[in-house]
2 protein chains.
Amino acid sequence: MDDQTNHASASPGKRMLSEQVYAHLRDAIMRGDHAPGDALKPQDLAREQGVSLAVVREALVRVVGEGLADRLPNRGFAVPAYSDRRWQEIAEARRTLEPAMLRMSVERGDVDWEARVRAAHHRLSRTPAYVPEEGEHYSGAWAEAHRVFHRTLLEGCGNLVLLETFDRMWTASELARRWSAHRNPGRDGVLEHRRLEEAALARDADTAAEVLTQHLTQTAAGLTGDPHPEPAAAPSPAPAPAPQPDSA
Amino acid sequence: MDDQTNHASASPGKRMLSEQVYAHLRDAIMRGDHAPGDALKPQDLAREQGVSLAVVREALVRVVGEGLADRLPNRGFAVPAYSDRRWQEIAEARRTLEPAMLRMSVERGDVDWEARVRAAHHRLSRTPAYVPEEGEHYSGAWAEAHRVFHRTLLEGCGNLVLLETFDRMWTASELARRWSAHRNPGRDGVLEHRRLEEAALARDADTAAEVLTQHLTQTAAGLTGDPHPEPAAAPSPAPAPAPQPDSA
DNA sequence: ATCGGATGAATAATCGATTATTAGTGTTAT
DNA sequence: ATAACACTAATAATCGATTATTCATCCGAT
């Protein structure tokens with residue numbers, strides 16, 4: 001989670017307080033530290049992180065721009081309430097966009113892309129989806145490997161605008177998933193990912209797109225249902241043996 | 001530009017300074033008041049509009065989030081430099097997304113949608129693309145009618161996430177167009193729009209999608225080329241008799 | 001008892017001023 | 001003449017404090 005510790009000279013987002021606060025806030029929301037509907041009070045956040053209101057405010061505005069928070073004029077900021085309707089729309093948007101992007105990738109990807117797909121799939125397949133500490137949810141490492149795999153598959157398309165759109169939708173998906181009752185016990189995400197990799201590297205655009213569509217459809221179906229009642233960051237003991245995460 | 005004059009109780013963005021400043025800044029960039037590469041200095045903007053740095057800063061952050069400005073850490077904000085590559089990517093992204101959305105619209109749109117499509121097309125067809133005052137560029141009223149027509153066509157899909165994506169890409173397109181040498185003298189945008197309306201209302205998804213794809217492809221082709229050298233808001237006398245704008 | 005308006009605490013929004021970083025300019029040593 | 005360094009002006013980033021708005025509570029009239 002806190003990965004800003006030792007970056008020698010890496011990212012362009014260097015030492016700007018607002019950048020760190022933004023990243024922290026974003027991660028906190030994605031991790032579920034704040035429940036949907038919860039107010040994000042600038043003063044509290046500022047005190048917690050020992051910074052002024054201005055930087056928190058800037059971070060909040062950015063987060064709102066990404067759809068990770070709502071802003072109510074003169075009423076402050078809040079984590080968006082879970083909306084089944086919105087989740088289904090996100091899923092549909094992904095089904096509209098990603099198969100088309102995957103086709104482009106398969107048609108255009110070069111050898112470097114192939115290599116990166118292999119690497120990403122390997123890493124994903126070797127990362128445990130669940131670890132004892134992190135409660136009922138899949139591990140942060142797995143979530144990241146999962147994201148990188150899906151993104152790498154699409155990166156062959158070479159279109160940064162489309163990839164930005166993918167990033168945005170992925171983020172929205174992950175947040176929705178975090179607050180959904182996930183219920184896809186028999187789902188075999190590992191197999192689906194392997195089939196995706198194979199079709200992509202075989203340059204079989206039709207199959208790849210079809211598999212991805214199925215993948216996304218299953219995920220959407222799995223997440224349909226009630227916004228669950230879990231209070232907030234309460235690691236209740238897993239009621240059922242942890243299945244594969246519903247993995248798109 | 002100032003369209004916040006007489007909204008009885010319409011928009012949620014009520015009286016918040018940052019909102020007004022944001023809208024103003026956004027419009028200014030879209031109108032071309034600031035040339036690509038120009039620095040957007042918070043102090044100047046604050047002085048011009050008689051507000052504090054904080055609100056200008058907030059507006060700038062939002063504008064950056066929309067892709068209408070770049071941020072260089074510790075170096076301030078700037079209007080993004082024109083990039084032919086990026087423009088082509090935007091055009092491709094629109095070709096990827098919009099025909100698919102139009103299909104959904106045609107399949108799902110109800111009578112209300114049909115009525116709004118007719119209304120939007122009527123308004124577009126009756127709005128002059130050029131007016132003497134506004135130099136070589138199409139009028140603000142036409143640009144808005146044009147946007148509303150295209151958006152209305154897609155609104156039948158009923159997917160807010162996809163429509164948000166459309167809005168984002170449309171904005172990027174308009175900015176790119178503003179700073180491109182537009183060169184499509186013989187283009188008949190009026191005809192293309194009428195064909196779009198007809199196919200949509202006839203519920204002919206294939207034809208509608210095809211026409212839209214052509215529309216977008218022609219626009220992209222028309223805008224390919226050099227980032228032109230016009231200094232900044234310098235209304236040079238139109239060198240050629242104004243043709244239809246390259247209209248997607 | 002209930003509705004409506006006054007009162008005050010909480011906090012969102014904005015401001016004016018301070019600190020930190022950058023870019024430019026001039027100077028000096030090689 | 002040039003390259004490295006010091007100094008300075010401009011401005012980006014941040015802070016602490018002020019003003020404006022909302023929400024809850026309390027009181028009094030019907």
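Here is how names work: the chains are called A, B, and so on, in the same order as the sequence lines, proteins then strands, and each is numbered from 1.
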*Tell me, for nucleotides 8-14 of chain D in 5' to 3' order, what letter each nucleotide earns: B for a base near a protein heavy atom under 4.0 Å, S for only sugar-phosphate near one, - for neither?*
---BSBB

*asked:* My understanding is that only residues two or more places apart in sequence, or in another chain, count here; which of them pass side chain to side chain donor-acceptor pair (under 3.5 Å) with A/R47?
replied: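 With sequence neighbours excluded, A/R47 shows a side chain to side chain donor-acceptor pair (under 3.5 Å) to A/D44, given in chain and number order.
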
*Residues two or more places apart in sequence or in another chain: which of them pass salt bridge (charged side-chain N to carboxylate O under 4.0 Å, His left out) with A/E58?*
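Per chain and number, A/E58 pairs via salt bridge (charged side-chain N to carboxylate O under 4.0 Å, His left out) with B/R57, B/R71.
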
*With A/R86, which residues qualify under salt bridge (charged side-chain N to carboxylate O under 4.0 Å, His left out), at least two apart?*
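In terms of salt bridge (charged side-chain N to carboxylate O under 4.0 Å, His left out), with neighbours along the sequence ignored, A/R86 is linked to B/E164.
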
*ring pair (Phe, Tyr, Trp, His ring centres under 6.0 Å) partners for A/F149, two or more places apart*: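 Checked A/F149 against ring pair (Phe, Tyr, Trp, His ring centres under 6.0 Å); matches are A/H121, A/H193.
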
*Go through the structure and list residues passing ring pair (Phe, Tyr, Trp, His ring centres under 6.0 Å) with A/Y22, not counting sequence neighbours.*
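Not a single residue meets the ring pair (Phe, Tyr, Trp, His ring centres under 6.0 Å) criterion with A/Y22.
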
